[in-house]
Amino acid sequence: MTDKFTISDRDVLLVVDIQDDFCPGGSLAVPGGDEVVPLINSLAGKFSHVVLTQDWHPRGHLSFASSHPGKPPYQTIEVSYGTQVLWPDHCVQATAGAAFRKDLEIPHAELVLRKGYHREIDSYSAFYENDRKTHTGLAGYLRERGFTRIFLAGLAFDFCVRYSAEDARREDFEAIVIEDACRGIDVDGSMADTRELFTSLGIRCIPASAIEDGLVSP
Ligand code: VGL
Ligand code: ZN
């Protein structure tokens, strides 16, 4: 049986990319992406502190297949910082697809962290961009707020959740992924790779039911 987790004031829930483009009907739909929204809403009620991330690309972003004539989506290319998967155009700044899902209800979220806004660098992680050097500022924010444990939920398990969890560990936070509150894309075995990586880094995957009921006082 999984241990139970009691949420305290040093814990934060990081809700990753619950945006229309990542849900069925969107341009980079994650299968079942919409299904996690009610669970995330109820989980958020157990945390005093919630941060939302929002994928937020300029038009013509380097990660878009459309920026590389002749290249189809889901192929990879080599760029200055390594291998980059090419995606359908998605989460273009201020478009409908970049909006949070209408049914995401977390009025007490304290920060919305946008990422992927540099045209020449993708950013899966909420901490570092894909060059693994450019910081988003989130680690400093979380440290200044005194958080030590980061619980992660959202889309996609094998991309933005994965890289965010990995970087949370690298920044010395405890990282815990709430697996049934995530859905994945699965490009070239990326789901299996993610599970393996989490095991090797000591990143726990738990079900939402492992989180105790009750909200700590704000
Ligand atoms: C994501 C691919 C491209 C994600 C964002 O949120 O997992 N995946 N941009
Ligand atoms: Zn993106």
Side-chain angles (χ1 to χ4, degrees), residues 13-37 40 51-68 71-77 79 81-101 104 112-132 134 136 138 150 152-168 175 177-195 197-198 203 205:
L13 177 66
L14 187 68
V15 175
V16 178
D17 297 1
I18 301 293
Q19 294 167 260
D20 281 341
D21 270 344
F22 294 127
C23 291
S27 63
L28 178 36
V30 179
D34 54 334
E35 295 166 9
V36 299
V37 178
I40 289 178
V51 171
L52 310 179
T53 69
Q54 190 173 27
D55 211 38
W56 195 250
H57 300 306
R59 278 180 206 289
H61 192 254
L62 169 100
S63 75
F64 295 170
S66 64
S67 304
H68 307 271
K71 298 279 185 194
Y74 306 103
Q75 256 195 13
T76 57
I77 57 165
V79 297
Y81 52 77
T83 304
Q84 171 69 49
V85 181
L86 295 178
W87 304 106
D89 291 21
H90 65 280
C91 298
V92 173
Q93 294 171 359
T95 60
F100 287 118
R101 283 276 304 192
L104 185 70
V112 175
L113 190 281
R114 289 174 168 169
K115 61 184 178 62
Y117 44 73
H118 290 128
R119 217 188 70 87
E120 303 298 333
I121 320 177
D122 204 2
S123 190
Y124 296 146
S125 163
F127 292 89
Y128 302 105
E129 302 195 6
N130 285 13
D131 62 2
R132 320 305 290 146
T134 306
T136 64
L138 184 61
I150 304 176
L152 297 100
L155 308 172
F157 176 79
D158 45 345
F159 285 90
C160 290
V161 173
R162 166 192 164 164
Y163 283 86
S164 298
E166 198 180 327
D167 288 345
V177 175
I178 307 170
E179 199 172 353
D180 48 348
C182 298
R183 291 290 185 277
I185 303 176
D186 206 8
V187 181
D188 286 337
S190 54
M191 291 294 279
D193 291 349
T194 300
R195 289 207 176 82
L197 183 91
F198 284 173
I203 295 169
C205 283

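We count ligands from 1, going down the list as the structure has it; atoms in each ligand are counted the same way. Just so it is clear, the structure is predicted and the values come from calculations on it, not from any experiment.
Heavy atoms of Leu155 found under 4.0 angstrom from ligand 1 belong exclusively to the backbone.
Of all protein N/O/S atoms, those lying under 2.8 Å from the Zn ion (ligand 2) come to 3.
The atoms of ligand 1 that sit less than 4.0 Å from any heavy atom of Ala156 are 4 (C), 6 (O), 7 (O). Of all atoms in ligand 1, numbered sequentially from 1 with element shown, those under 4.0 Å from a heavy atom of His90 are 3 (C), 9 (N).
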Next on the checklist: With side-chain contact (heavy atoms from CB on, under 4.5 Å) as the criterion, how do Arg101 and Phe22 come out once you've worked through the C-alpha distance, each side chain's angles and the decisive distance to 0.1 Å?
Outcome noted: CA-CA 9 Å; Arg101 283 276 304 192; Phe22 294 127; over 6 Å; no
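Residues satisfying the side-chain contact (heavy atoms from CB on, under 4.5 Å) criterion with Ala65, sequence neighbours excluded, are Pro73, Leu86. Applying the salt bridge (Lys or Arg N to Asp or Glu O under 4.0 Å) criterion to Glu129, with sequence neighbours excluded, gives no partner residue.
The aromatic rings of His90 and Trp87 sit perpendicular to each other, their planes meeting at more than 60°, with 30° as the lower class boundary.
Ligand 1 has no N or O atom lying under 3.5 Å from any N or O atom of Tyr124, backbone or side chain. Here's the thing with Ile185: none of its N/O atoms is less than 3.5 angstrom from an N/O atom of ligand 1. Inclusion of Asp55 in the set of residues having an N or O under 3.5 Å from an N or O of ligand 1 is warranted.
Using 4.0 Å as the threshold, Gln19 has no heavy atom nearer than that to any atom of ligand 1.
Counting heavy atoms from C-beta on, the side chains of Val187 and Phe159 come closer than 4.5 Å.
No side-chain donor-acceptor contact under 3.5 Å links Ser164 to the backbone of Ser125. In this structure, the side chain of Asp21 engages the main chain of Ser27 through a donor-acceptor pair within 3.5 Å. At least one donor-acceptor pair under 3.5 Å links the side chain of Asp158 to the backbone N or O of Asp186. Between the side chain of Gln54 and the backbone N or O of Arg114, no donor-acceptor pair lies under 3.5 Å.
Legend: salt bridge (Lys or Arg N to Asp or Glu O under 4.0 Å) pairs involving residues 115-127, not counting sequence neighbours, sorted by first then second residue: Asp17-Lys115, Asp55-Lys115.
Residue, atom and distance of the protein heavy atom nearest to atom 8 (N) of ligand 1 are Phe159 CB, 3.9 Å. Shortest contact from atom 6 (O) of ligand 1 to any protein heavy atom: Asp17 OD2, 2.6 Å. Nearest protein neighbour of atom 4 (C) of ligand 1, counting heavy atoms only, is Cys160 SG, 2.8 Å.
Proximity of the aromatic rings of His61 and Tyr117 is defined here by a centroid distance below 6.0 angstrom, and this criterion is not met.
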